[in-house]
Participant: 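Provided herewith is a single structure, encoded as structure tokens, for subsequent inquiry.
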Amino acid sequence: MEEFFNNLISTWWGITIICVVSAAIWLLLSILLYRVFFKRFYDILLSGTAILVFSWLLIILIVLGAVKMKGNPFFTQQRPGKKEKIFKLIKFRTMTCEKDADGNLLPDADRLTKYGKFLRASSLDELPELFNIFIGQMSIIGPRPLLVQYLPLYNEEQRHRHDVRPGLTGYAQVHGRNAISWQEKFALDVEYARSISFFGDMKIFFQTIAAVFKRSGISQEGHATMEFFTGNGDENEE
């Protein structure tokens, strides 16, 4: 037995067996304990790695954004996270702050610049959200964090989208993104929140990469981004 273990740690086939078995155990644990531990573990690991790897790109976009937007390159806004806890989301700014004569912001279509369209089409505007993920306010995969003003408008079923951390990308994003209706989007979000799995998140991750290259679902028909959610009609009336 001692000779077997000595060969196991000193021969190529022995080391290969150890690596394969270790990887299999790690994969099994990732699957079984994904929701309770490994999802957050991978969020920290991957977001931290991405911040280091893409630090050069972040610096370039900060400088370029400051020039193109004539000031602050960042867009920050209060958004509801897990259990509807409010946090400050950070993105690269894609629209100017131009206002009309009454001091009201111009429509999105008028404020969205060519540079902003490029950021949205390539999803580079989402890059600063890696910091939201790293500190635990968001996840890599999850329902997109929407506006705080939408919270009173959800019905009981739709509120379950906040049972999990919001994501950089999500189930709804790879099934139409902004091109689907709010009701379809929320139904997909709730479905995801109830069925989080290791392989499900892996599938969404790779589908997201494909969607970015296809540049599909970036905006809703007739809108620069997507129309505001105004509620569920009669469902919200008391």
Side-chain angles (χ1 to χ4, degrees), residues 75 77-87 89 91-95 104-112 116-126 129 132 137-197 200-238:
F75 169 82
Q77 190 174 57
Q78 299 290 323
R79 298 287 176 93
K82 185 177 181 180
K83 304 303 180 184
E84 300 184 1
K85 182 178 179 181
I86 307 301
F87 72 98
L89 176 137
K91 300 171 62 173
F92 281 123
R93 188 178 295 279
T94 59
M95 293 187 287
N104 300 312
L105 286 173
L106 295 175
D108 289 354
D110 295 333
R111 296 187 294 118
L112 185 60
K117 290 178 181 178
F118 163 74
L119 288 182
R120 291 192 178 210
S122 61
S123 294
L124 288 174
D125 62 317
E126 312 282 359
E129 290 173 46
N132 290 121
Q137 296 168 330
M138 291 179 60
S139 179
I140 293 174
I141 311 294
R144 284 295 295 162
L146 302 175
L147 299 177
V148 174
Q149 68 196 60
Y150 292 168
L151 287 177
L153 303 178
Y154 299 135
N155 59 35
E156 286 304 312
E157 177 72 4
Q158 292 166 349
R159 300 188 83 88
H160 285 294
R161 69 188 305 278
H162 293 290
D163 290 347
V164 297
R165 287 185 179 89
L168 183 66
T169 184
Y171 194 43
Q173 274 56 52
V174 297
H175 288 84
R177 197 174 173 180
N178 289 333
I180 59 178
S181 70
W182 282 114
Q183 282 68 30
E184 290 173 310
K185 187 191 295 282
F186 295 150
L188 291 170
D189 287 343
V190 172
E191 181 181 345
Y192 171 81
R194 288 174 171 163
S195 59
I196 291 176
S197 69
D201 275 11
M202 287 285 289
K203 183 178 180 180
I204 292 172
F205 180 82
F206 288 110
Q207 286 178 322
T208 297
I209 294 175
V212 168
F213 282 106
K214 290 180 181 178
R215 300 187 177 186
S216 57
I218 296 171
S219 60
Q220 191 175 46
E221 187 175 353
H223 297 269
T225 52
M226 189 169 184
E227 65 177 345
F228 280 97
F229 176 56
T230 56
N232 296 283
D234 294 338
E235 291 185 51
N236 282 330
E237 294 180 7
E238 297 182 358

Participant: Could you give the distance from CG (Asp163) to NZ (Lys82), rounded to the nearest 0.5 Å?
Facilitator: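 It comes to 8.5 Å.
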
Participant: If we ignore hydrogens and angles and just use 3.5 Å, is the side chain of Arg159 paired with the main-chain N or O of Leu151 as donor and acceptor?
Facilitator: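 The answer is yes, because a donor-acceptor pair under 3.5 Å joins these two groups.
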
Participant: Without swapping roles, check the side chain of Asn232 against the backbone of Leu153 for a donor-acceptor pair under 3.5 Å.
Facilitator: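 Checked: pair present.
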
Participant: Given 3.5 Å as the limit, does a donor-acceptor pair link the side chain of Arg144 with the main chain of Leu168, or not?
Facilitator: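 Flag set: sc Arg144 to bb Leu168 pair under 3.5 Å.
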
Participant: Say you draw a straight line from CD of Glu129 to CZ of Arg79; how long is it, rounded to the nearest 0.5 Å?
Facilitator: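 Answer for the CD-CZ pair, Glu129 versus Arg79, is 8.0 Å.
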
Participant: Should the pair Arg194-Glu157 be classified as a salt bridge under the 4.0 Å nitrogen-to-oxygen rule?
Facilitator: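 Result for this pair is yes, salt bridge flagged.
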
Participant: Counting only N and O atoms by type, is there a donor-acceptor contact under 3.5 Å from the side chain of Trp182 to the main-chain atoms of Thr230?
Facilitator: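 No, because the side chain of Trp182 does not come within donor-acceptor range (under 3.5 Å) of the backbone of Thr230.
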
Participant: So which heavy atom on Val174 is nearest to which on Gln207, and how close?
Facilitator: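 Heavy-atom minimum between the residues: CG2-OE1, 3.4 Å.
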
Participant: Show your working on side chain to side chain donor-acceptor pair (under 3.5 Å) between Ser123 and Glu126 and close with a plain yes or no.
Facilitator: CA-CA 6 Å; Ser123 294; Glu126 312 282 359; 5.9 Å; no

Participant: Parallel, tilted or perpendicular: which fits the ring planes of Phe229 and Tyr154, with parallel below 30° and perpendicular above 60°?
Facilitator: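 It falls in the parallel class, under 30°.
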
Participant: If you round to the nearest 0.5 Å, how far is CD of Glu191 from CD1 of Ile196?
Facilitator: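 The distance works out to 12.0 Å.
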
Participant: Can you tell me how far the CD atom of Gln137 sits from the NZ atom of Lys85, to the nearest 0.5 Å?
Facilitator: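 These two atoms lie 8.0 Å from each other.
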
Participant: Testing the basics here: between Leu89 and Asn132, what is the closest heavy-atom pair and its distance to 0.1 Å?
Facilitator: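 Residues Leu89 and Asn132, closest heavy atoms: CA-OD1, 3.8 Å.
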
Participant: Closest heavy-atom contact between Ala193 and His160?
Facilitator: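 Between these two residues, the closest heavy atoms are CB-O, 3.6 Å.
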
Participant: CG of Leu124 to OG1 of Thr94: how many Å apart, nearest 0.5 Å?
Facilitator: 12.0 Å

Participant: Arg93 and Leu119: which non-hydrogen atoms are nearest, and at how many Å?
Facilitator: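 Shortest heavy-atom contact: O-CD1, 3.8 Å.
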
Participant: Between Phe205 and Ile140, which heavy-atom pair has the shortest distance, and what is it?
Facilitator: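 Here Phe205 and Ile140 meet closest at CD1-CG2, 4.5 Å.
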
Participant: What are the two closest heavy atoms between Pro80 and Ile86, and how far apart are they?
Facilitator: CA-CD1, 3.8 Å

Participant: Taking it one step at a time, do Met95 and Arg120 satisfy side chain to side chain contact (heavy atoms under 4.5 Å, CB included)?
Facilitator: CA-CA 10 Å; Met95 293 187 287; Arg120 291 192 178 210; 3.6 Å; yes

Participant: Given the rule in the side chain to side chain contact (heavy atoms under 4.5 Å, CB included) test, do Phe228 and Leu147 qualify, once you have shown the distances and angles that lead to the verdict?
Facilitator: CA-CA 9 Å; Phe228 280 97; Leu147 299 177; 3.6 Å; yes

Participant: Find the distance between CE (Met138) and CZ (Arg165) and round it off to the nearest 0.5 Å.
Facilitator: 11.0 Å

